[in-house]
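Every value quoted in this text rests on a predicted model; they were computed, and no experiment measured them. In this chain, residues are counted from 1 in sequence order.
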Amino acid sequence: MIDTQDRFRPWLLLAGFSLLLFLITASTYGSLGVVLPAMIGALNWSFEKAFAGFSVLGVFTGASSWLPAILIRRIGVRATLLAGAAVLAGGFVGLANAQSLFSYYVGAAACGVGFQMAALIPGTHVLSSLFRKRALPFGIYFTFGSLGGAAGPWMVLTLMGMSHNDWRAYWLTQAVLAVVFGLVCALMVGGSAWLAKAAHEVDLEVEQEARAAPANARVYRTPYEWTVAEALRTPQFYILVAAYFSHLLVGVTVASLSVTHLTELGVAAGVGAVAAGALAAKMLSLESLMQTLARLAGGALGDRVDPRWLLVFAQGMLVAGLVALSKAATPPVMLLYAIGTGVGFGLTVLAVTVLLLNYYGRQSNLELFSLTCLVGAVSAAGPFIGGAMRDRLGSFAPTFQLFAGVTAVIFLAVLFMRPPKAPAELIGT
């Protein structure tokens, strides 16, 4: 066991949680769409009903975000990670044994719940407790999540190729990996007493730095620890929630609709369906790459510049990317879409996570971040809205333009947002 005073332990935990997020993202959102054709062929499902499993996964991921916060407060991070790994493994076993749509949906729902219990919320809670400067660790952590999404399809092709296209064996393999990686991270975290002691030391350092910083410091950090109730009474919290919602809405909508939309635009412009589809898929891959690069860059900059400006830039890039996507009939405009939505998506989650900590402190961050993640359940409606508008208007373009308008309003709100002022009578001066 590593000495609890070892100064390298936070970085080892960062590595462990990053690998866990990589695996979970790769085995859920990065794998399901690639495995589904084999499941559809074997079980004779319709594409509509089979791909509804994506919505089930997304809804349960977002709607269960309150659960990890409660469990961490009551039983600690270690037990929550173990429970999350067990739920996630149970979901994979359910997918492996799927015989009906109902059992498939139950497995997808369990994967969504397990995702929250073992990934983002415990990970951000532990990292915020161990690092005084958090932008770089969060940048690394979220970057591995992006890489997991990109690696998932390759993992499917490799493992299913080794098992002669046996999708049931693939899901069982993911169940074993979830248990192994979850157990390793749980053992690395240590007990609640160690984590609380480390967090207290970090809180003191952050408070001293915040009080010593000049009023015009480029990176604002509050010396005051807000309660959940106090934070919920500030408009800044809802602006940050709205920004988090916008990036999820754009991300799931672009991932599900962009290839079909760009293929339709290419065919209408006289490009063959196969060539148009291949180019559209390449643009989606480029968008994923831009997400990864944006999170790396944001992690390097987040402790040097005010993360609010990173969020302003991210929301602006989302608007530009969505507008370009709605009219992306040429390669240069397609590049603008891929870069805009990729950078905007990648930076938003990092900037929102850091701003929640900077504005409200660490002690209530577990609950505040969990509440922020709840909007994931609502954002899952993006593809449904896009499909409904396509059926009625004949194009996906109005959907992207509508979501660009929504994001533009949030962009303006972030642009004029200022740090919240804590109740003056509660601040010791």
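Atom CH2 of Trp11 has more than 12 neighbouring heavy atoms from other residues, nucleotides or ligands inside a 6.0 Å radius. Taking a 6.0 Å sphere around CZ of Arg304, one finds it holds 12 or fewer heavy atoms contributed by other residues, nucleotides or ligands. Around CZ of Phe60, the count of heavy atoms belonging to other residues, nucleotides or ligands within 6.0 Å does not exceed 12. Around CZ of Phe313, the count of heavy atoms belonging to other residues, nucleotides or ligands within 6.0 Å does not exceed 12.
A side-chain donor-acceptor contact under 3.5 Å links His247 to the backbone of Tyr244. With hydrogens and angles disregarded, no donor-acceptor distance shorter than 3.5 Å links the side chain of Arg392 to the backbone of Met389. The main-chain N or O of Leu325 is found under 3.5 Å from a side-chain atom of His261 such that the two form a donor-acceptor pair. Judged by distance alone, with hydrogens and angles left aside, the side-chain atoms of Arg308 form a donor-acceptor pair with the main-chain N or O of Leu415 at under 3.5 Å.
Contact between Arg78 and Leu187 at its shortest, heavy atoms only, is NH2-O, 3.6 Å. The shortest non-hydrogen separation linking Leu95 to Ala108 is CD2-N, 3.9 Å. Between Tyr105 and Lys49, the closest heavy-atom pair is OH-O, 2.6 Å. Ser379 and Leu248 get closest at one heavy-atom pair: OG-CB, 3.4 Å. Of all the heavy atoms in Gly298 and Leu310, the pair that sits closest is O-CD1, 4.1 Å. Of all non-hydrogen atoms in Ala96 and Arg168, the two that sit nearest each other are O-NH1, 2.6 Å.
No side-chain heavy atom of Phe144 sits less than 4.5 Å from a side-chain heavy atom of Arg295. Between Ser65 and Phe369 there is no side-chain heavy-atom pair separated by less than 4.5 Å. Residues Ile72 and Pro122 have side chains in contact (heavy-atom distance under 4.5 Å, counting atoms from C-beta outward). His125 has its side chain within reach of Val77: a pair of non-hydrogen atoms, C-beta onward, lies under 4.5 Å apart. Looking at heavy atoms from C-beta onward, Phe92 lies in side-chain contact with Thr28 at the 4.5 angstrom threshold. In this structure, Gln174 and Met155 have side chains that are in contact, with non-hydrogen atoms separated by less than 4.5 Å. Between Met417 and Leu240, some side-chain heavy-atom pair lies under the 4.5 Å cut-off. In this structure, Thr253 and Phe396 have side chains that are not in contact, with every pair of non-hydrogen atoms separated by 4.5 Å or more.
Phe115 contributes atom CZ, which lies 6.5 Å from atom CD1 of Ile24 (distance to the nearest 0.5 angstrom). With values rounded to the nearest 0.5 angstrom, Leu130 atom CG is found 6.0 Å from Leu195 atom CG. A distance of 7.5 Å separates CD in Gln401 from OG in Ser395, rounded to the nearest 0.5 Å. In this structure, OG1 on Thr353 lies 10.0 Å from OH on Tyr141, to the nearest 0.5 angstrom. With rounding to the nearest 0.5 angstrom, the CZ atom of Arg362 is 15.0 Å from the CZ atom of Arg132. The distance from atom CZ of Phe400 to atom OG1 of Thr407, rounded to the nearest 0.5 Å, is 12.0 Å.
Looking at Thr234 and Tyr359, their side chains never bring a donor and an acceptor atom within 3.5 Å of each other. In this model, no donor atom of one side chain and acceptor atom of the other lie less than 3.5 Å apart for Ser364 and Glu225. Remark: the Arg390 side chain and the Thr399 side chain contain no N/O donor-acceptor pair separated by less than 3.5 Å. No hydrogens or angles considered: a donor-acceptor pair under 3.5 Å links the side chains of Glu287 and Thr341. Ser31 and Tyr170 share a side-chain donor-acceptor pair at under 3.5 Å.
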Name the atoms and distances for all side-chain donor-acceptor pairs under 3.5 Å in residues 12-23, with sequence neighbours left out.
residue, atom, partner, partner atom, Å
Ser18, OG, Leu14, O, 2.7

Before you tell me yes or no, could you show the steps for Leu355 and Asp306 under side chain to side chain contact (heavy atoms under 4.5 Å, CB included), namely the whole-Å CA-CA distance, both residues' side-chain angles and the distance that decides it to 0.1 Å? CA-CA 9 Å; Leu355 283 170; Asp306 189 341; 4.2 Å; yes

Check step by step if side chain to side chain contact (heavy atoms under 4.5 Å, CB included) holds for Leu88 and Met117. CA-CA 9 Å; Leu88 187 63; Met117 292 176 66; over 6 Å; no

side-chain hydrogen bond (donor to acceptor under 3.5 Å, both in side chains) assessment of Tyr29 paired with Thr61: CA-CA 11 Å; Tyr29 290 95; Thr61 301; 2.8 Å; yes

Test Tyr337 against Ser326 for side-chain hydrogen bond (donor to acceptor under 3.5 Å, both in side chains), laying out the working first. CA-CA 9 Å; Tyr337 129 66; Ser326 69; over 6 Å; no

Side chain to side chain contact (heavy atoms under 4.5 Å, CB included) between Met162 and Thr158: does it pass, once the steps are laid out? CA-CA 6 Å; Met162 294 169 59; Thr158 301; 4.1 Å; yes

Decide side chain to side chain contact (heavy atoms under 4.5 Å, CB included) for Gln236 and Tyr360; before the verdict, give the C-alpha distance in whole Å, the side-chain angles of both, and the deciding distance to 0.1 Å. CA-CA 10 Å; Gln236 289 88 344; Tyr360 302 109; 3.5 Å; yes

